[in-house]
There are 2 protein chains.
Amino acid sequence: MAQPLTPKQKEVLRFIACSVSVQKMSPTIREIGRHFGFSSTGTVRDHLRALAAKGYLARARKKARAIELADAACGIPIIGRIAAGSPLEANENIEGFLRPEEAAPLADDVFALRVQGDSMSGAGIVDGDIVIVRRQKQARQGDIVVALVGGEATVKTLRKQGSRMWLVPHNKKYRPLSCSGSTVIAGKVISVVRRYV
Amino acid sequence: MAQPLTPKQKEVLRFIACSVSVQKMSPTIREIGRHFGFSSTGTVRDHLRALAAKGYLARARKKARAIELADAACGIPIIGRIAAGSPLEANENIEGFLRPEEAAPLADDVFALRVQGDSMSGAGIVDGDIVIVRRQKQARQGDIVVALVGGEATVKTLRKQGSRMWLVPHNKKYRPLSCSGSTVIAGKVISVVRRYV
DNA sequence: TTGACTACCACACATTTGTGTGGTATGCTG
DNA sequence: CAGCATACCACACAAATGTGTGGTAGTCAA
């Protein structure tokens, strides 16, 4: 899975990853060759074969621009626990890879909401954060949901007590809301993204 | 920019977006045609032309699988402020689009770190969160940084007082650390991602 | 009615693109 | 030394793919 690459192979993989993120499509064999000054398509194919054999990419046969990068090549390495003394660069600490689509999953029934106010600050959701919400009418006890209360959208935790439902803030300054007939659950918060300038 | 689409055009755009996210490459004209049962490539081309004219995608000429989705087609709509009474589905509330790469930017000098502990809970960074870090040795006053203190990585806010530098937690349970010679700044936190099960 | 836009079809054509075959040269390892 | 992997070349070929031309039919507004 994480077999070492030769410097040349690293270069080629890096070029492919850059192409994908800039042009939003994988390069063709000839585009790769042109970039490195290769005059033969066979050369590029050999490199792709080597990279595929080492698990850094997958290729669909006979298809144009069909290089698919593995997580190790296109994801951000997630470092879990740092053993005291070991450098952050060390590979052993890599717990997995965060793929862009994982952070902001694409789907038809997903939208994002910019959070206003501090009613959920106790749960780590603060003013300006973007919450990503899957549209659904139902939710379970403990889910963080977006609810429409009198036409206003709010982010709260859902609590059930018997047949009663509550929208609970995570900030002592605010009080739980009891769900009335006009309260509608718009969706469930599946992810939070915050960007710093 | 946000011109309305006909139902058929929506279908086509949706199919392309799905293909891109599943197969990680845009479909060919013939793949689109096959999916919809079109027997002519010209039909698909007409649809692509219409979608391009309305700003939902861009196409590179003569290139295979070269459909590039615009933000409106591949990003998650960010809803900023909800006017009381207006439904969440309304288009007027869309403030922008969150693209996957924006949430988890791809670059050579970026890594992610799973946060342990609650020392930054006051800043909305809680246990289990993933912080995305740009590798850099320097940082400015107020930046949230990852620092190596005695071989351990910690996330703190950087404060400067004269020539003195402090690593300040956001939780009253912990005390600021004065930066000593062995303290190294590993990078700056540029984004935080949290996923709920 | 005319003109637009949408939504399709058929077919031909030129490129783009991946693949296959067969080489050369270098360096490393058993 | 032979065997193997890396790192390149040249050239041919078939399949994949985007494009062009010229149609038909329906809807909708001026």
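Within every chain, numbering begins at 1; the chains are lettered A, B, ... in the order of the sequence lines, protein sequences first and strands thereafter.
Here A:Ser40 does not reach the OP1 or OP2 of D:dA10: none of its side-chain N or O atoms lies under 4.0 Å away. Close to D:dA7, at under 4.0 Å from its OP1 or OP2, lies a side-chain N or O of A:Thr6.
Atom NE2 of A:His47 and atom C1' of C:dT19 are 18 Å apart (whole Å). In this structure, the NZ atom of A:Lys54 is 11 Å from the P atom of D:dA5, given to the nearest Å. For the pair B:Leu13 CG and C:dT6 P, the computed distance is 15 Å after rounding to whole Å. Straight-line distance from the CD atom of A:Gln9 to the C1' atom of D:dA7: 10 Å, rounded to whole Å.
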Let me see the working for B:His47 and B:Phe36 under ring-ring contact (aromatic ring centres under 6.0 Å, His included), right down to the final yes or no.
CA-CA 12 Å; B:His47 275 116; B:Phe36 288 99; 7.5 Å; no
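Side-chain atoms of A:Arg45 and base atoms of C:dG20 include a donor and an acceptor less than 3.5 Å apart.
Residue-environment remark: CD (A:Gln141) exceeds the threshold of 12 foreign heavy atoms within 6.0 Å. More than 12 heavy atoms of other residues, nucleotides or ligands sit less than 6.0 Å from atom NZ of A:Lys160.
Within the structure, side-chain hydrogen bond (donor to acceptor under 3.5 Å, both in side chains) contacts touching residues 22-39 of chain A (residues at least two apart or in different chains) are A:Glu31-A:Arg65.
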Restricting both atoms to N or O, compile the protein contacts to nucleotides 15-18 of chain D shorter than 3.5 Å, with distance only.
from, atom 1, to, atom 2, distance (Å)
D:dT17, OP1, A:Ala64, N, 3.2
D:dT17, OP1, B:Arg65, NH2, 3.1
D:dG18, OP1, B:Arg65, N, 3.1
D:dG18, OP2, B:Ile29, N, 2.8
D:dG18, O3', B:Lys62, N, 3.3
D:dG18, N7, B:Arg30, NH1, 2.8
D:dG18, O6, B:Arg30, NH2, 2.8

Write out a two-atom table: protein N or O, nucleotide N or O from nucleotides 23-30 of chain C, distance below 3.5 Å.
none

